[in-house]
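Encoded as structure tokens, the structure appears first; notes follow it.
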2 protein chains.
Amino acid sequence: MGDGSIGKIGIRDVAAAADVSPTTVSHALSGKGRLPDATRRRIAAIAEELGYRPNANARNLVSGKSGLLGIVVSSSKETPFGLADFDYFIQLLSAATGAAVERGRALVVEGLRIGADAFGQVDVDGAIVVDPVSDDPLLDALDAAGVPVVTTGRRDGPPRDGRADCWVDNDHVKATESILTHLAEHGADRIGLISTSPVTSYTRDAIHGYEQWCESRGQERMIQVVEGPINEGAGVRAAEQLLEMSRPPDAIYATLDQLALGVLLAARAKGLNVPDDLMIAGCTDSQASAWAEPPLTAVTLNPEAIGQAAVSSLIDLIDGNGTVPEPVIIPTGIIDRQSTARAA
Amino acid sequence: MGDGSIGKIGIRDVAAAADVSPTTVSHALSGKGRLPDATRRRIAAIAEELGYRPNANARNLVSGKSGLLGIVVSSSKETPFGLADFDYFIQLLSAATGAAVERGRALVVEGLRIGADAFGQVDVDGAIVVDPVSDDPLLDALDAAGVPVVTTGRRDGPPRDGRADCWVDNDHVKATESILTHLAEHGADRIGLISTSPVTSYTRDAIHGYEQWCESRGQERMIQVVEGPINEGAGVRAAEQLLEMSRPPDAIYATLDQLALGVLLAARAKGLNVPDDLMIAGCTDSQASAWAEPPLTAVTLNPEAIGQAAVSSLIDLIDGNGTVPEPVIIPTGIIDRQSTARAA
DNA sequence: CGAGGGCGCAAAAACGTTTTTTCTTGCGCA
DNA sequence: TGCGCAAGAAAAAACGTTTTTGCGCCCTCG
């Protein structure tokens with residue numbers, strides 16, 4: 001109806017305009033088949049002029065794909081993370097979604113997760129799983145369903161036969177060493193670590209990096225592992241444990257910004273001056289860290305870069321029949337703020 | 001290959017198992033056609049048992065829909081908002097995505113927005129536009145393309161002929177009045193307003209509510225409108241303007257949390273005590289507001305409820321041929337924190 | 001000069017549904 | 001006894017692509 005501006009134009013319309021068959025149009029635009037370049041260009045020009053946009057459903061129907069990518073934060077009963085819990089995830093998501101749309105895919109964010117049925121009725125061509133935890137049933141479910149997966153952070157457990165893992169990660173061991181060194185250089189003598197339980201590669205790496213660093217410096221290990229839900233309260237309790245030691249730390253590194261904020265609360269309650277009595281640093285930056293008093297020094301993981309790389313790898317994994325993209329390692333950095341600026 | 005657990009089962013498989021035709025299965029499951037209830041139930045049971053999940057592409061191909069919903073934050077040249085700028089949007093998005101998946105749709109988040117081509121190659125059945133600004137070309141583009149739109153916040157401009165607007169919003173006039181009253185009850189004498197330029201209904205309502213309130217109380221209007229990018233720096237500058245007045249305000253309400261945080265910075269720089277010399281409140285709560293020193297009182301808009309309602313309305317709008325869902329109004333609240341707890 | 005082989009393109013099949021149309025059977029009623 | 005009608009179900013068409021197969025034609029080479 002109307003003059004046609006509303007009626008979607010399909011491959012037949014292009015074919016009619018170019019006076020060729022739909023087959024030829026398809027071939028011309030996809031680069032397949034046997035056609036002289038002149039014809040290809042002619043058809044491409046006409047398609048462009050008509051504003052032809054192939055129907056994704058029809059295309060996907062033939063190829064057997066859905067055209068959708070999924071992204072989900074890994075969780076288990078022990079670690080009930082949610083989408084909005086961390087600024088880190090938001091930044092990652094934002095970058096991923098941009099990268100996906102740029103490449104013609106839609107990125108579906110998993111919301112309320114129920115068991116392994118992560119994407120409900122929606123089925124995806126592949127999924128990005130953020131910070132996979134060891135006992136997340138979702139990973140096994142995705143494997144069983146044959147869904148290509150890229151993880152952000154490395155998977156735990158023995159290598160699954162045949163299939164190579166595909167992941168994007170930071171070098172957390174190195175990042176941990178660098179923040180510890182940063183603290184030491186600013187005058188810290190005894191540095192404690194507050195970490196979540198080692199269910200993610202990220203945490204395991206941080207603990208490993210810490211232990212290695214202690215070893216090389218001959219410092220006593222002071223590790224407090226947080227169990228249960230991750231929030232400021234958990235950080236407070238962990239910090240209290242460390243600060244009640246006979247020889248308490250004079251600096252604490254927490255592997256999550258929310259824990260670091262908890263340390264700050266605990267320090268205040270104890271009347272400790274930050275950074276003079278106690279330095280505090282956290283991993284992953286956030287608005288809250290920046291706005292705390294004093295602002296907290298943070299290790300940044302470049303979540304935007306991680307998100308983009310993950311989408312890129314996932315698409316390569318889906319399209320590249322059988323060939324698995326190489327792992328990607330994203331550089332880290334330190335955002336130096338007042339919480340570690342002790343007067344010499 | 002294998003024992004069949006991998007080969008997706010389709011409507012034919014169900015038909016074969018039930019010893020009927022695919023047509024009958026389709027009718028049985030959709031409730032259409034003429035079938036005795038006994039047959040319907042029998043087929044439904046078999047489909048369930050086999051774990052039949054209809055292919056969304058095939059279905060959408062017939063119906064001419066894509067099965068995708070889009071969500072995007074409105075912006076224009078003057079107000080270059082980004083996805084990750086506000087905790088508010090994150091909370092809204094999180095709720096929306098859950099609501100969508102629950103109803104079998106995928107919610108696509110628009111990332112890097114370039115001109116009106118919001119969803120790139122991906123085309124959506126409908127879109128949620130968050131906080132529509134007057135001159136956002138996207139809205140016109142969506143209208144022109146015939147894409148059903150639900151806005152979060154009301155659209156500007158004259159009613160477009162024929163089509164009724166479909167929106168979800170808070171009562172910002174009332175919310176503004178209530179926070180102003182809250183400030184007054186805690187001892188504020190002269191309340192200033194910092195707002196973004198009135199490009200969204202939200203801002204216009206806040207300004208209107210403020211003016212109305214001033215009128216009824218006989219208070220001088222002290223409004224500072226922020227132009228350009230919205231960040232703490234903008235808040236600082238706006239606050240400085242207000243605080244340099246001959247009779248400066250002793251309380252400031254800012255219509256965005258980032259602006260309120262800027263006010264806090266300005267107060268600190270001027271050596272003003274918060275809340276004794278200056279009370280501060282912001283609209284939309286955020287982690288940073290909660291972690292500021294002192295923590296900032298905030299008007300909360302219940303973004304989760306907004307997100308859910310928007311998805312709900314959008315699906316109704318898409319499916320209900322012609323009938324436009326009623327507007328929805330979501331209640332607001334006040335999160336009372338230290339920045340407004342002036343000693344009597 | 002006839003056969004083989006590209007080349008340029010089109011016809012047809014396929015993807016998995018839904019929707020429309022057609023067929024069969026049994027039954028009530030004249 | 002025959003006719004029409006309704007119920008129940010199947011067949012066929014359609015959705016818009018891609019992929020596979022096929023068909024002329026011209027050129028080249030023996």
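A, B, ... follow the sequence lines: proteins, then strands. Residue 1 opens every chain.
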[X] side chain to [Y] main-chain N or O, any donor-acceptor pair under 3.5 Å?
X        : Y        : result
A/Asn55  : A/Ala58  : yes
A/Arg41  : A/Pro36  : no
A/Ser21  : A/Thr24  : yes
A/Asp125 : A/Gly67  : yes
A/Ser74  : A/Val133 : yes
A/Thr97  : A/Leu93  : no
B/Ser66  : B/Asp123 : yes

Could you tell me the separation between the NZ atom of A/Lys32 and the C1' atom of D/dT21, rounded to a whole number of Å?
->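 It works out to 16 Å between those atoms.
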Using whole Å, report how far NE2 of A/His27 lies from P of D/dT21.
->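 From A/His27 NE2 to D/dT21 P: 12 Å.
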A/Pro22 or A/Arg34, whichever maps to the more 5' nucleotide of DNA chain D =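 It is A/Pro22 whose nearest nucleotide is closer to the 5' end.
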In terms of the nearest nucleotide of DNA chain D, which residue is placed more toward the 5' end: B/Leu61 or B/Thr39?
->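 Checking each residue's closest nucleotide, the 5'-ward one belongs to B/Thr39.
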Check against side chain to side chain donor-acceptor pair (under 3.5 Å), B/Thr23 and B/Ser26 | CA-CA 5 Å; B/Thr23 309; B/Ser26 176; over 6 Å; no
Considering only heavy atoms of chain A and a distance under 4.0 Å, specify the first and last nucleotide of DNA chain C in 5' to 3' order that meet this criterion.
->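 Footprint of chain A along DNA chain C, 5' to 3': C/dC7 to C/dG16.
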Select base, sugar-phosphate, or nothing to describe what A/Arg59 touches, counting heavy atoms under 4.0 Å on all strands.
->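 If one applies the 4.0 Å heavy-atom cut-off, A/Arg59 turns out to touch the sugar-phosphate alone, with no base involved.
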Donor-acceptor pair under 3.5 Å: do we get one between B/Thr23's side chain and the base of D/dA11?
->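 Indeed there is one.
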Bending between helix ends of the helix from C/dC1-D/dG30 to C/dA30-D/dT1 [5 pairs per end, 10° resolution] =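 Taking the rotation axis at each end, their angle is 70°.
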